[in-house]
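Contents: one structure, followed by commentary.
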Amino acid sequence: MQSLRGTKDILPQEIHGWHIVEDRIRYITSLYGYRELRNPIMEYTEVFKRAVGEDTDIVGKEMYTFPDRGGDSITLRPEATAAVVRSAIQHNLTAQQQIARVYYSGPFFRYERPQKGRQRQFHQFGCELLGASSPEADIEILTLAHDFLESLGIKSRELHINTLATPEIRQLFKQELISYFTAHLSDLSEDSQSRLQSNPLRILDSKHPGDKALSANAPRMQDMLDTESKDHFSKVLSHLDSLSIPYTVNPLLVRGLDYYSHTVFEFTSTALGAQDALGGGGRYDHLFEHFGGKHTPSIGFAFGIERLLLAMSAQESISEAPKPEIYVIGFESEESRRAVISCAHALRTLSGKQVIVDVQNRSLKAQMKEADKLGVKQVVIIGPEEALHDTCIVKDLSTGMQHTKLMTELHNMFS
RNA sequence: GCGGGUGUAGCUCAGUGGUAGAGCAGCGGUUUGUGGCUCCGCUGGCCGCGGGUUCAAUUCCCGUCACUCGCCCCA
């Protein structure tokens, strides 16, 4: 028996990093007034098909989709935004021109070949700012993401940013691209040829050398921007400038999901290998309408938690897990063992410190060894002698100093 | 979905056509009530799984599963 391919057990010895990240998630989101939204991990397949787009890789080949017992087509969520929007509409989270600031964190599923930084079940943390179309909304999301990465101490990273303008402009741009690439059809990779009609934007961020060469000279969205798009984008950039958040405008950044418009961005890290995206996001002004909701311009981002942890451990910025503080040792006599149990219990309740006790009836020596290995600061020894006199020996493991104390004195030390 | 690499003790890895070793870790002793450093000893392995070749396979061949790196794409 073993875990499914591409799924991982997160073991006690590695949980500390997760707790750090989860702690930062709660802290940073709270600074910005974002509240958690917990959606189910499965939805009707239609939710993702409609939001993400039929021609995207996610929907085309990566979804965990299956019929349930009632015959409905169910999908394990491959991303969050679609479900957040579905949920926002269903519960009217943006009623009466209100905006909603939400975040989420949890497991997601994509049926792909695993590799470094890619699993079939992985975890994402993301934020969505629903109902605001201003560049200031974009900046709030970007700075939140920036602050989050900073607080985790992730250094070797870059922010790439681009604008996809309005759907109308993008439609025009697509036509331009199609005619440009069609003129060079034979130089295109097979993948790109098949995408040419359905999703020509995607050819732009292909890593295929031939495609790259063609893309470098392809028509540019920048040259076709309307004043509104141009204005929006330049405001976002100037805000980034004044906040001293470094970025690179990358005209080839298009992102793999259909629902984006205007600002799109991606955080990459050199610590990651081939899957170098820590996370990304963008503006989706028309997704609510796709679901039959009212016009609700929105923007959000998502980070891959496993990738954050990879980047953090690559630069060794994960702090050490806290160590237990007290080890209470007893041995040989029944009285000794009994005294240990009640002493440990009292210390935990009085001091709130982590107190470890041997549960294998091992020797004094063995328990001392374990205390040392665990890195505890203090050891309390209640041997048969001490148990008879209601005393104990308190030993500091770093100095080796030890003193005999009455049990009542010990309790006073920690209360 | 496609290509490369790997799969031997808890971990990191050596190794040979005649069913296996090291270091670290663990446990015990050196110290008959005291950890860390020595030194000594011990425990521990269907050599990923299935099949084939062979007198004999952990070693060679095929398949399979998993991991891993890359492609595609994304977190």
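Proteins come first, then strands; the chains are lettered A, B, ... in the order of their sequence lines, and each starts at number 1.
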Checklist entry - Can you find a donor-acceptor N/O pair under 3.5 angstrom joining the side chain of Lys116(A) to the base of rU68(B)? => result no
Checklist entry - Looking at rA75(B), does its base get a donor-acceptor pair with the side chain of Glu112(A) below 3.5 Å? => result yes
Item to check | Residue list, side chain to side chain donor-acceptor pair (under 3.5 Å) with Glu332(A), at least two apart or on another chain | outcome: none
Item to check | Pairs touching residues 163-179 of chain A that satisfy side chain to side chain donor-acceptor pair (under 3.5 Å), sequence neighbours left out | outcome: Thr166(A)-Glu168(A)
Checklist entry - Of the residues in residues 382-390 of chain A, which ones touch RNA chain B at a heavy-atom distance under 4.0 Å? => result Glu385(A), Glu386(A)
Next on the checklist: Return whichever of Met401(A) or Leu278(A) has its heavy-atom-nearest nucleotide of RNA chain B closer to the 5' end.
Outcome noted: Met401(A)
Next on the checklist: Using the side chain to side chain donor-acceptor pair (under 3.5 Å) criterion, which residues pair with His286(A)? Sequence neighbours excluded.
Outcome noted: Glu289(A)
Next on the checklist: Going by the rule side chain to side chain donor-acceptor pair (under 3.5 Å), which residues pair with Tyr247(A) if we only count those two or more places apart in sequence or in a different chain?
Outcome noted: Asp241(A)
Every protein N/O lying under 3.5 Å from an N/O of nucleotides 6-12 of chain B:
none

Item to check | rC73(B) base / Arg118(A) side chain donor-acceptor hit below 3.5 Å | outcome: yes
Next on the checklist: Between rU53(B) and rC61(B), how many Å separate the two P atoms, rounded to a whole number?
Outcome noted: 16 Å
Checklist entry - Do the rings of Tyr32(A) and Tyr34(A) sit parallel, tilted or perpendicular, given the 30° and 60° boundaries? => result perpendicular
Checklist entry - Just by modelled atom types, is the Arg77(A) backbone N or O under 3.5 Å from a matching donor or acceptor in the Thr75(A) side chain? => result no
Checklist entry - Hey, what do you get for SG (Cys392(A)) to NE2 (His389(A)), rounding to the nearest 0.5 Å? => result 13.5 Å
Checklist entry - According to the 5.5 Å centroid and 30° plane-angle thresholds, does Phe303(A) stack upon the nucleobase of rA75(B)? => result no
Checklist entry - What is the distance from NZ of Lys395(A) to P of rG33(B), rounded to the nearest Å? => result 15 Å
Checklist outcome for this item: Whole-Å distance, Phe331(A) CZ to rU32(B) C1', equals 12 Å
Checklist entry - Starting at CD of Gln119(A) and ending at C1' of rU68(B), how long is that distance when rounded to a whole Å? => result 13 Å
Checklist entry - Is any side-chain N or O of Gln115(A) closer than 4.0 Å to OP1 or OP2 of rG70(B)? => result yes
Checklist entry - Given the C1' atoms of rG33(B) and rG10(B), what is the spacing between them in whole Å? => result 31 Å
Item to check | Glu334(A) with Arg338(A): basic N within carboxylate O range, under 4.0 Å | outcome: yes
Next on the checklist: Quick check on rC67(B): is either OP1 or OP2 less than 4.0 Å from any side-chain nitrogen or oxygen of Arg5(A)?
Outcome noted: yes
Checklist entry - Using atom P of each nucleotide, how far apart are rU68(B) and rU43(B) to the nearest Å? => result 34 Å
Checklist entry - Can you name the side-chain contact (heavy atoms from CB on, under 4.5 Å) partners of Lys155(A), sequence neighbours left out? => result Gln315(A)
Checklist entry - If you measure from the P atom in rG5(B) to the same atom in rU64(B), how many Å do you get, rounded? => result 16 Å
Checklist outcome for this item: Stem ranges of RNA chain B by first residue number, counting only runs of at least 3 Watson-Crick or G-U pairs under 3.5 Å, come to B:1-7 with B:65-71, B:10-13 with B:21-24, B:26-29 with B:39-42, B:48-52 with B:60-64
Next on the checklist: Please determine whether side chain to side chain contact (heavy atoms under 4.5 Å, CB included) holds for the pair Ile326(A) and Lys377(A), giving the CA-CA distance in whole Å, both sets of side-chain angles, and the decisive distance to 0.1 Å.
Outcome noted: CA-CA 6 Å; Ile326(A) 304 171; Lys377(A) 295 173 186 68; over 6 Å; no
Checklist entry - Any N or O donor-acceptor pair linking the side chain of Arg113(A) to the base of rG70(B) at under 3.5 Å? => result no
Checklist outcome for this item: In numerical order, the residues of residues 354-372 of chain A whose heavy atoms come under 4.0 Å of RNA chain B are Arg362(A), Leu364(A), Lys365(A), Ala366(A), Met368(A), Lys369(A), Asp372(A)
Contacts under 3.5 angstrom, residues 302-313 of chain A side chains, donor-acceptor by atom type, not counting sequence neighbours:
unit_1, atom_1, unit_2, atom_2, d
Glu306(A), OE1, His123(A), N, 2.9
Glu306(A), OE2, His123(A), N, 3.4
Glu306(A), OE2, His123(A), ND1, 2.8
Arg307(A), NE, Gly117(A), O, 2.7
Arg307(A), NH1, Ala277(A), O, 2.9
Arg307(A), NH2, Gly117(A), O, 2.9
Ser313(A), OG, Leu309(A), O, 3.1
Ser313(A), OG, Leu310(A), O, 3.3

Checklist entry - Listed by chain and number, what are the side-chain contact (heavy atoms from CB on, under 4.5 Å) partners of Val340(A), not counting sequence neighbours? => result Val328(A), Val357(A), Ile382(A)
Checklist entry - Taking only residues two or more places apart in sequence or in another chain, which ones pass side-chain contact (heavy atoms from CB on, under 4.5 Å) with Arg113(A)? => result Arg5(A)
Checklist entry - Should Tyr104(A) and Arg38(A) count as side-chain neighbours, where that means a heavy-atom distance under 4.5 Å? => result no
Checklist outcome for this item: Between CG of Leu204(A) and P of rC72(B) the distance, given in whole Å, is 15 Å
Next on the checklist: Can you work out whether Gly280(A) or Val376(A) has the more 5'-proximal nearest nucleotide on RNA chain B?
Outcome noted: Val376(A)
Checklist entry - Expressed in whole Å, how much space separates the C1' atoms belonging to rC49(B) and rU8(B)? => result 14 Å
Checklist entry - Between rU68(B) atom P and Arg120(A) atom CZ, what is the distance in whole Å? => result 12 Å
